[in-house]
Amino acid sequence: GTALPPASLHPAPPRPAGFPAPSACCGSMAGGLEAPAPLALGGRRMRRTPRSPPLVLLLLLVLAALPSGRAFYLPGVAPIEYQEGSKVDLKVNKLTSVKTQLPYGYYVLPYCRPPVIQDSVENLGEILVGDIIENSPYEINMLQNLTCQVLCKRELSPSDKDKFRSMVEDEYLVNWLVDNLPGATRYARLGSEQSFWYTNGFPVGVERNGNTYIHNHVKLILKYHSSPYDYEGYRIVGFEIEPHSMVQALRSDPAEPSGYAGMCHEGAATPLHDIDAHPDVTFTYDVQWEESSTCWASRWDSYLKMTGGQIHWFSILNSLMIMLFLSGMVAMILLRTVYRDITKYNELATAEEAAEETGWKLVHGDVFRKPEHAKLLAVSVGSGMQILGMSVVTLVFALLGFLSPAHRGALLQSMMLLFTFMGILAGYTTSRFYKVFNGDDWKSTTLLLAFFYPGIMFIVFFILNLFIWGQKSSGAVPFATMFALLVLWFGISVPLVFLGSYFGFRRDPITLPVRTNQIPRQIPAQAWFMRPMFTCMVGGILPFGAVFTELFFIMSSLWQHQFYYLFGFLALVLVILLVTCAEISIALTYFQLTAEDYTWWWTSFFASGSSAVYVFLYSILYFSSRLQIDKIVSTLLYFGYMFIISTLFMLLTGSIGTLAAFFFVRAIYGSIKVD
């Protein structure tokens, strides 16, 4: 037979013993970590030296926080040791496609079925992303190789052929799991004998010259690792799949479970299986066991190294340059301009000089005046702090390895739960901020906080889910799960928001250094480049520029089904983003006050929050250049979710900018003498 993915068109070199060379490690420790084997001298094993538990724990935490995601992490899943001949389960997951973004259950296609299909227990995150993990009829036993094992023979009706043809046309991938490890297909690079990469899953089939060939034979290459000194049995550390399309020769054999014995001839002369030329299809498989030096804790390295770290370091360097540029500008404002202004304003001035005051001191009686839509501003800042709290705690857990790819759906589930519990932080921030505006309508403000932005997100999510449900995709969230989300929202988040607001409104308001005049001061005519719309759109470029490279990898993880585990880089980028948002809002607020324009509240929010506009524009560019989506439902799905992500990004960056500008303005007006 001839393998049809690029690996078959450009044959890969002979495989090494395992995945790309990992760090040598054997043995096991509590929590699923693997420790280096003790050194051996003169053929004798040295005794293990007891180590201090606190020191070991500290080392593990440091290693887990390394951004490379290599060798050591805390997956939270204990390794399974298989004995020779013991059964190894192969489970099937959803069919996925980058072209449609609509997952489907594995048995939607007429594949071979087990006598009873059993669904695995799934968490909230797995349900939301459409995972359907089920058992399969494949029979695999530890260290027992198989060749051309017949799984079943299926007659194909016209509707079955149409399903296969449609799935192949939309480039759907089959996803399998063995020992919680996803099956990977290896592809060789052109012109390189040792260069290859892995992708998750394998294609349903390939379309060539108008003909549809399905992959009806797979070669399962399972890597195992053993360390008799540390544990008994064998651990699975690699799972590769070689898909092939072929026409097998069958003969009756009552001794076989399927009733057939197969002969699979490999070679260019063997015809491929064209579904239009055959009324049926025979599914066969090979099992090949290979010993590997890869230890169990490093078995995810091949998946996590699908994206190199060089571009990430370039992203960090780019973001640091932007942050240093802004820091220099803000330092110049604080150390030179503001210091000079404060010194001048605090000097004893004559009546004539006082009458000729200019600059930001002139608007001291209006600088803390209540802005328009003050309630919405307070709600936006509170929602942004809720998102920030969720992001920081999620990243801490991710850096410690608790949200590794071995836990499918754990990242999304953790974000949902943390966002719910951070409602108390949102309520407290909103109430404290609203009291600055002398607001006393705390009930309606808290209700607005609890339902406005979450309501928008839920409505968009519900409408998109209806479209997905209309396509009969497994990505449609069941109504039972939808009810569970509503329980999280109304049963936990809303009460916590009210609790946070209660604590915030009970506290004394934040003291302001100057009083607000009863009559607002007239704002002089502003130059076109000082108008809020222009300054905000210019200000949003810098926060976006600090994150756009990392944003590319995040979007590739979301829409091209790649693994993302570089949380060390992401944490550093988040810190740079927060500093950049604070500095750009401080700088633009100062320039606006210097021009005697005291309506700085919303400007400080959108000075950094407008970066979300560029995120959405970048998503349009990514859609047109990187994705081949052409279906209406898939397009709505993409832009609907990118609208939600952009809105969350606006709230996060805008709230940081507003709080930074508020404390900056409070500090500079507290440093001058005001009559």
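Below, each value reflects all heavy atoms present in this structure, side chains not excepted, and no hydrogens, waters or symmetry copies.
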Listed once per pair and sorted, the salt bridge (Lys or Arg N to Asp or Glu O under 4.0 Å) pairs that draw on residues 460-477, sequence neighbours left out: none

Salt bridge (Lys or Arg N to Asp or Glu O under 4.0 Å) pairs touching residues 120-138, sequence neighbours excluded, are Lys94-Asp131, Glu126-Arg408

Ring centers of [X], [Y] separated by less than 6.0 Å:
{"X": "Phe639", "Y": "Phe623", "result": "yes"}
{"X": "His273", "Y": "His278", "result": "yes"}
{"X": "Trp176", "Y": "Phe202", "result": "yes"}

Counting distance only, does the side-chain N/O of Asn135 pair as donor-acceptor with the main-chain N or O of Val116 below 3.5 Å? yes

If only atom types and distance count, is the side chain of His225 paired as donor or acceptor with the main-chain N or O of Val237 below 3.5 Å? no

Evaluate the ring planes of Tyr138 and Tyr285, with Trp represented by its six-membered ring, and classify them as parallel (under 30°), tilted (30 to 60°) or perpendicular (over 60°). perpendicular

Looking at Asp274 and Lys161, is there a salt bridge between them, counting it only when a charged N and a carboxylate O are closer than 4.0 Å? no

Taking atom NZ as the centre, does Lys91 end up with more than 12 heavy-atom neighbours from other residues, nucleotides or ligands that are less than 6.0 angstrom away? no

Can you name the nearest heavy-atom pair linking Gln560 to Arg626, along with the distance? NE2-O, 3.6 Å

Please examine the side chains of Phe544 and Val613, heavy atoms only from C-beta on, and report whether any two atoms are closer than 4.5 Å. no

Between the side chains of Glu81 and Gln83, does any donor sit under 3.5 Å from an acceptor? no

